[in-house]
Amino acid sequence: MALQQQIRTRNTEQLLGIGILGILALLYAPVLLHWLNGWLYKTISTEHEYFSHGIIGIPFAAYLIWGNRKKWQRLPNKTHPLGATLLVIGAIFYLTGVTEWVNLSLPAILAGLCLWFKGVPGLKLQGFPLLLIFLATPTAVPYLIAPYTFPLQSFIAGTAGFILNQFGMNAVVDGINIYVSGRIVEVAPYCAGLKMLFTTIYVCLMLLYWTDNLSSRRITGWFLSTAVVISVIANIIRNTILSFFHGTGQEAAFKWLHDSWGGDLYSALMLLSLIPVLNWMSDYFSEPLETELEPENQILPPEITD
């Protein structure tokens, strides 16, 4: 009798899960397809292109959620009141029809479902996949921080101009503008590497989780800091090459690296370079620290006298 009731309960939970997944698919499939189309074909706003790392991040999050399904089933059913709050907020956001709010309704509803069915343990179990989904959700954050990137733009322009002058080119830097042979290249907020920086940090989090290094504060801190430096250096080199192409009249090469798949290839190679860096840090920090301090109460051998 107890076995039959357990089977019925399990079947009911499975049907409920399938029903919820079906509703989420109906509600958010158009939204996700809109994101994907915009990221692939650049038909989305410039600010929303900053979240194109979601092309790899959202499928990876779905894979992690699916991989946690058995652990999820073993968690006791426990409702947290915050879950209902997040579900209501997510529903209101979705019904507003405002793009930003509709986008944010997805992570809100997913977090609310975790808290509603499994409580805090469920949210902790799916915490990292939910973080990936949240960080891939297009918002107005790039638009808000763009006015504060002027120092970074000036630094990139000045460094790129200095490099070009070292190679014998007549480059003049004026603020965020680089003049090469009478042609101007502007290091705009989009060219300041914010998109590359967002993607770099996002991919770093994925690599740290995949290699089980996310729990190490030392490795995480050093790796993220190093990755940010690598991203800035890579963007300086990219802007230097773009200025060279534009200043020498190589417009086809300029468009290839600036607007076409050349920029994506450059970013991909930069991201691949982070893998050996993480492997080296993981090996270096995992080695036990050897101390050369002698114990205080060391027993010395007796002296041998004639």
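All of these numbers come straight from a predicted model, not from anything done at the bench.
Checked against Y209 for a ring pair (Phe, Tyr, Trp, His ring centres under 6.0 Å), the options Y63, F223, F128 give a single hit: F128.
Judged by distance alone, with hydrogens and angles left aside, the side-chain atoms of R238 form no donor-acceptor pair with the main-chain N or O of G263 at under 3.5 Å. A distance-only check finds no donor-acceptor pair linking the side chain of K78 to the backbone of K118 [under 3.5 Å]. Distance alone, capped at 3.5 Å, places no donor-acceptor pair between the Y50 side chain and the L197 backbone. Within the 3.5 Å criterion, the main-chain N or O of M196 finds a donor-acceptor partner in the side chain of T200. Between the side chain of T137 and the main chain of I133, a donor-acceptor pair closer than 3.5 Å is present. A donor-acceptor pair is defined here as one N or O able to donate and one able to accept, closer than 3.5 Å; no such pair exists between the side chain of E186 and the backbone of N177. Looking only at distances, no side-chain donor or acceptor of T159 sits under 3.5 Å from a matching main-chain atom of I156. Judged purely by atom type and a 3.5 angstrom limit, N213 has no side-chain atom pairing as donor or acceptor with the backbone of L208. For S267 (side chain) and D264 (main-chain N/O), no donor-acceptor pair under 3.5 Å exists by modelled atom type.
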- Please lay out, stage by stage, how N103 and V31 fare under the test side-chain contact (heavy atoms from CB on, under 4.5 Å). CA-CA 8 Å; N103 293 346; V31 177; 3.9 Å; yes

- Determine, stepwise, if the pair I58 / W35 fulfils side-chain contact (heavy atoms from CB on, under 4.5 Å). CA-CA 11 Å; I58 293 179; W35 293 357; 4.0 Å; yes

- Task: Might you work through the side-chain contact (heavy atoms from CB on, under 4.5 Å) test for L135 and F198, ending with a clear yes or no?
- Result: CA-CA 9 Å; L135 294 179; F198 280 19; over 6 Å; no

- Task: Would you please test L115 and L86 for side-chain contact (heavy atoms from CB on, under 4.5 Å) and show each step?
- Result: CA-CA 9 Å; L115 288 169; L86 288 175; 3.8 Å; yes

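R69 forms a cation-pi arrangement with W66, by the criterion of a distance under 6.0 Å to the ring centre and an angle within 45° of the ring axis.
A donor-acceptor pair shorter than 3.5 Å cannot be found between the side chains of S260 and K255. For the residue pair T43/N37, the side-chain donor-acceptor check at 3.5 Å is satisfied. Inspection of the E251 and H258 side chains reveals no N or O donor paired with an N or O acceptor under 3.5 Å. For Y28 and S105, the side-chain atoms include at least one donor-acceptor pair closer than 3.5 Å.
Contact of the D174 side chain with the I184 side chain is not registered, since no non-hydrogen atoms from C-beta on lie closer than 4.5 Å.
Here the shortest heavy-atom pairing between L164 and S243 reads CD1-CB, 3.7 Å. The shortest heavy-atom contact between A108 and G90 is CB-CA, 4.1 Å. Closest approach of L242 to F254, counting heavy atoms only: O-CD1, 3.3 Å. Between A234 and M270 the shortest heavy-atom distance is CB-CG, 3.6 Å. Considering every non-hydrogen atom in both W39 and H48, the closest pair reads NE1-O, 3.0 Å.
Linking Ile, Leu, Val, Met, Phe, Trp and Tyr residues whenever their side-chain heavy atoms come within less than 4.5 Å places L64 and Y202 in a single cluster. With hydrophobic clusters built from ILVMFWY side chains whose heavy atoms lie under 4.5 angstrom apart, L26 does not share a cluster with L32. Tracing side-chain contacts under 4.5 Å through hydrophobic residues (I, L, V, M, F, W, Y), one reaches V98 starting from F93; they form part of the same cluster. L113 is not connected to V88 by any chain of hydrophobic side-chain contacts under 4.5 Å among Ile, Leu, Val, Met, Phe, Trp and Tyr, and they are in different clusters. Y179 and I176 fall into different hydrophobic clusters, where Ile, Leu, Val, Met, Phe, Trp and Tyr are joined by side-chain heavy atoms under 4.5 Å apart, directly or via other members.
We find the CD-CG distance between Q126 and N68 to be 4.5 Å, quoted to the nearest 0.5 Å. Taken from CG in L104 to CD1 in I89, the straight-line distance is 11.0 Å, to the nearest 0.5 Å.
F155 CZ: 12 or fewer foreign heavy atoms inside a 6.0 Å radius.
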